Protein chains: 2
Amino acid sequence: MTQNGIECCDSICVHEELLQKVNAHMPKEEELYDLAELFKVFGDSTRIRILFVLFEAEVCVCDLAEALQMTQSAVSHQLKILKQAKLVKNRRAGKSIFYSLADDHVRAIIGQGLEHIEE
Amino acid sequence: MTQNGIECCDSICVHEELLQKVNAHMPKEEELYDLAELFKVFGDSTRIRILFVLFEAEVCVCDLAEALQMTQSAVSHQLKILKQAKLVKNRRAGKSIFYSLADDHVRAIIGQGLEHIEE
DNA sequence: TGAACATATGAATAGATATTCATATGTATG
DNA sequence: CATACATATGAATATCTATTCATATGTTCA
């Protein structure tokens, strides 16, 4: 242990205070898991592209597939994931189903992400 | 085609205007990819937990391992990923290496994520 | 310099995931 | 009601990824 007391890492001198502070502020297991699951949804360029389309307008599945040059099935699978994460919502109009952004968190999160990578 | 012109989805009547608008605003392939890569880094509960520890203080690897009850190796591998994404930085102090948050985007992004899941 | 310690890293493995293909569900229309 | 169309979904596969294990790198100190 040195004068300032911040020396590391003998098992004897693990920083107990720090560990207690960390444990006090660490979210619960479930919240951490949900948070990771949410970001996982943003962590795929196909889904990111879908979200960028929805930034422009409410769109039906077949237009999404056309816009992104993807299979209807692939788009549909990803839309399901986006919907489960409550990032998009949909409504039926005849045979078609139109998707749109669920709320403004999507823009906010992607906006922050863009800021970070554009440094 | 119906009166209002927003009927979908015969190949004949894909919404050309929409597609053009989408293409005009869609980021480049590389930017989309980088964005997805960034969120992928947030999309793992181990890395989220590491970031929450770093919210409290600058910490060495062995304390991180202790705090999270993980192998030094596992922590080190994840720290590498966080560093590549420029979410954390490090400095050497003797034998130890201390990690800390690279900038405030990390807090902002996680904050937005927390807001979303807490609805 | 050599021993002990803190961290990094490569290879291997087990588990997760995006797309494809085939098909089911649900809706409008003749 | 039967057909065509738009979307959803289950299974299979190929790819990716987090952890583990063994070991390498880099630092301190005697």
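The shown structure was predicted, so the numbers you read here are calculated from the model rather than taken from an experiment. Hydrogens, waters and symmetry mates are skipped; everything else that's a heavy atom, side chains included, is used. A, B, ... follow the sequence lines: proteins, then strands. Residue 1 opens every chain.
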Go through D:dT28, D:dA6, D:dT19 for me and flag the one nearest to the B:Lys95 side chain.
-> D:dT28
For B:Leu79 and A:Gln72, take the nucleotide of DNA chain C holding the closest heavy atom to each; which residue's nucleotide lies nearer the 5' end?
-> B:Leu79
Return the nearest nucleotide to the side chain of A:Arg47; candidates are C:dT7, D:dA6, C:dA18.
-> C:dA18
Of the candidate nucleotides D:dC21, C:dA8, D:dA8, which contains the atom at the shortest distance from the side chain of A:Asn90?
-> D:dA8
Can you check whether B:Lys40 reaches A:Lys40 side chain to side chain, under 4.5 Å on heavy atoms?
-> no
Please give, in whole Å, the distance from D:dT19 P to B:Leu68 CG?
-> 10 Å
Counting any heavy atom closer than 4.0 Å, what does B:Ile81 reach on the DNA or RNA strands: base, sugar-phosphate only, or nothing?
-> sugar-phosphate
With respect to the side chain of B:Cys62, which nucleotide from D:dG26, C:dT7, D:dT7 is positioned closest?
-> C:dT7
Are A:Leu87 and B:His116 side-chain neighbours, meaning at least one heavy-atom pair lies under 4.5 Å?
-> yes
Measure from the side-chain heavy atoms of A:Ser73 and tell me the nearest of C:dT7, D:dT20, C:dA22.
-> C:dA22
Round to a whole Å and report the spacing from CD of A:Glu37 to C1' of C:dA16.
-> 10 Å
Would you say a side-chain N or O of B:Tyr99 is under 4.0 Å from OP1 or OP2 of C:dA6?
-> no
From CD of A:Gln84 across to C1' of D:dT9 the rounded distance in Å is 12 Å
side-chain N/O B:Thr71 vs D:dT20 OP1/OP2, d < 4.0 Å | yes
Closest of D:dT7, D:dT17, C:dA6 to the B:Lys40 side chain is D:dT17
Does atom CD of A:Glu118 have more than 12 heavy-atom neighbours, drawn from other residues, nucleotides or ligands, at distances under 6.0 Å?
-> yes
Ignoring backbone atoms, test whether B:Thr46 places a side-chain nitrogen or oxygen under 4.0 Å from the OP1 or OP2 oxygen of D:dT19.
-> yes
Aromatic rings A:Phe42 and A:Phe39: how do their planes relate, parallel, tilted or perpendicular, breaks at 30° and 60°?
-> tilted
Please determine if a side-chain N or O atom of A:Gln78 lies less than 4.0 Å away from the OP1 or OP2 oxygen of C:dT17.
-> no
Checking D:dT7, C:dA18, C:dA6 against the side chain of A:Ser96 (C-beta onward), the nearest is D:dT7
Can you find a side chain N or O atom of B:Lys80 that sits less than 4.0 Å from OP1 or OP2 on C:dT9?
-> yes
Can you tell me how far C1' of C:dT9 sits from CD1 of B:Ile97, to the nearest Å?
-> 13 Å
Examine the side chains of B:Glu115 and A:His105 and answer whether a donor and an acceptor come within less than 3.5 Å of each other.
-> yes
Is the aromatic ring of A:His77 within stacking range of C:dT19, meaning centres under 5.5 angstrom and planes under 30 degrees?
-> no
To the nearest angstrom, the CG-P distance between A:Asp44 and C:dT17 comes to 11 Å
Just how far, in rounded Å, is C1' of C:dA6 from CD of B:Glu66?
-> 15 Å
Is the backbone of B:Leu79 close enough, under 3.5 Å, to the side chain of B:Arg47 for a donor and an acceptor to pair up by distance?
-> no
To the nearest angstrom, the CG-C1' distance between B:Leu82 and C:dT7 comes to 16 Å
To the nearest angstrom, the CZ-C1' distance between B:Arg49 and D:dT19 comes to 13 Å
Closest to the side chain of B:Met70, out of D:dG26, D:dT20, D:dT19, is D:dT19
